[in-house]
Amino acid sequence: QVQLVESGGGLVQPGGSLSLACAASGSIFRIRVMAWYRQAPGKQRELVARIASGESPNYAESVKGRFTISRDNAKNTVSLQMNSLNPEDTATYYCNADLYEFLCSAYGCHPSAEGSYWGQGTQVTVSS
């Protein structure tokens, strides 16, 4: 069973920095896309940044130039470095991965169909 576990949230003052990390574990064949989403109270969940294998990262306009996403394919991890934080960045941040699992039976192992998995979320609060 695949699990995504986030870490690194917390309270930071405006203008400060935080780094989030997410580790995927389980019977993973290949992770195609890793991404960070966020959801503020009363708002819809929105994409913050995504990074697909072999492609340049994509960012929401509101975080361009301030946030940087990176991934380590060997470790199945993704990180989000957040700089120049402001109160509008306050939200629960969720890690997401589109991936293929290993499915094994008595006849051998093969990749599953692609599935989308979510972490439990980590709170980021920007306040003075």
Side-chain angles (χ1 to χ4, degrees):
Q1 188 169 356
V2 173
Q3 280 192 318
L4 301 182
V5 178
E6 301 110 332
S7 60
L11 173 65
V12 64
Q13 291 188 340
S17 298
L18 273 178
S19 182
L20 305 182
C22 172
S25 62
S27 297
I28 298 171
F29 174 72
R30 184 173 75 90
I31 301 178
R32 187 176 62 85
V33 182
M34 300 194 84
W36 288 95
Y37 288 74
R38 67 186 181 187
Q39 187 167 20
K43 294 187 176 182
Q44 287 189 330
R45 190 173 297 189
E46 63 174 359
L47 176 67
V48 176
R50 71 186 291 274
I51 182 166
S53 297
E55 297 180 12
S56 299
N58 302 116
Y59 297 94
E61 285 296 325
S62 60
V63 307
K64 277 184 180 178
R66 300 188 298 122
F67 290 12
T68 302
I69 188 171
S70 60
R71 65 186 281 184
D72 185 328
N73 292 327
K75 297 181 179 179
N76 289 335
T77 59
V78 63
S79 300
L80 186 69
Q81 177 63 41
M82 304 183 293
N83 299 325
S84 303
L85 285 160
N86 58 61
E88 290 69 40
D89 296 315
T90 295
T92 301
Y93 284 69
Y94 296 91
C95 177
N96 172 263
D98 294 337
L99 59 86
Y100 303 86
E101 291 184 77
F102 266 119
L103 296 180
C104 297
S105 68
Y107 303 101
C109 296
H110 61 87
S112 69
E114 186 175 274
S116 187
Y117 296 83
W118 293 89
Q120 80 285 356
T122 185
Q123 179 66 36
V124 172
T125 302
V126 185
S127 175
S128 54

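Computed over heavy atoms, backbone and side chain alike; hydrogens, waters and symmetry mates excluded. These numbers come from a predicted model, not from an experiment.
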Hey, what do you get for CG (Asp98) to CD (Glu114), rounding to the nearest 0.5 Å?
5.0 Å
Aromatic ring pairing Phe67/Tyr93, orientation class (parallel under 30°, perpendicular over 60°, tilted between)
tilted
Nearest heavy-atom pair of Pro57 and Ile69: which atoms, and what distance?
CB-CG2, 3.6 Å
Heavy-atom pair of closest approach, residues Leu85 and Leu18:
CD1-N, 3.8 Å
When rounded to the nearest 0.5 Å, the distance separating CD of Gln39 from OG1 of Thr92 is 7.5 Å
Within the 6.0 Å centroid threshold, strictly below: Tyr37 and Tyr94:
no
With a 4.5 Å heavy-atom cut-off, do Arg71 and Ser53 have their side chains touching?
yes
Sub-3.5 Å donor-acceptor pair from the side chain of Thr90 to the main-chain atoms of Thr125, do we have one?
no
Interatomic distance, OG@Ser25 vs NZ@Lys75, rounded to 0.5 Å, equals 15.0 Å
Heavy-atom side-chain contact between Asn96 and Trp36 under 4.5 Å:
no
Correct closest heavy-atom pair for Arg66 and Ser84 would be NH1-O, 2.9 Å
Looking at CD of Glu6 and CD of Gln120, how far apart are the two atoms once the value is rounded to the nearest 0.5 Å?
4.5 Å
Taking side chain as C-beta onward, heavy atoms only, is Met82 less than 4.5 Å from Asp89?
no
Going from SG on Cys109 to CD on Glu101, what distance comes out if it is rounded to the nearest 0.5 angstrom?
12.0 Å
For the backbone of Ala24 and the side chain of Tyr117, can you confirm whether one donor and one acceptor N or O come within less than 3.5 Å of each other?
no
Any Ser127 side-chain heavy atom under 4.5 Å of Leu11 side chain:
yes
Got Leu20 and Thr122 here, is their nearest side-chain heavy-atom distance under 4.5 Å?
yes
Side chains of Arg30 and Asn73: does their closest heavy-atom pair fall under 4.5 Å?
no
Nearest-0.5 Å distance that lies between atom CD1 in Ile31 and atom CG in Leu4:
7.5 Å
Is it the case that the side chain of Arg38 and the backbone of Leu47 share a donor-acceptor pair, with hydrogens and angles ignored and the cut-off at 3.5 Å?
no
Intermediate values then yes/no, side chain to side chain contact (heavy atoms under 4.5 Å, CB included), Thr68 and Leu80:
CA-CA 6 Å; Thr68 302; Leu80 186 69; over 6 Å; no
With a 4.5 Å cut-off on side-chain heavy atoms, are Val33 and Ile51 touching?
no
Do any N or O atoms from the side chain of Ser17 and from the backbone of Asn83 form a donor-acceptor pair under 3.5 angstrom?
no
Does the side chain of Glu88 come within less than 4.5 Å of Ser62's, by heavy atoms?
no
For a quick test of reading the model, state the closest non-hydrogen atom pair linking Tyr100 to Pro111 and the distance between them.
CB-CB, 4.5 Å
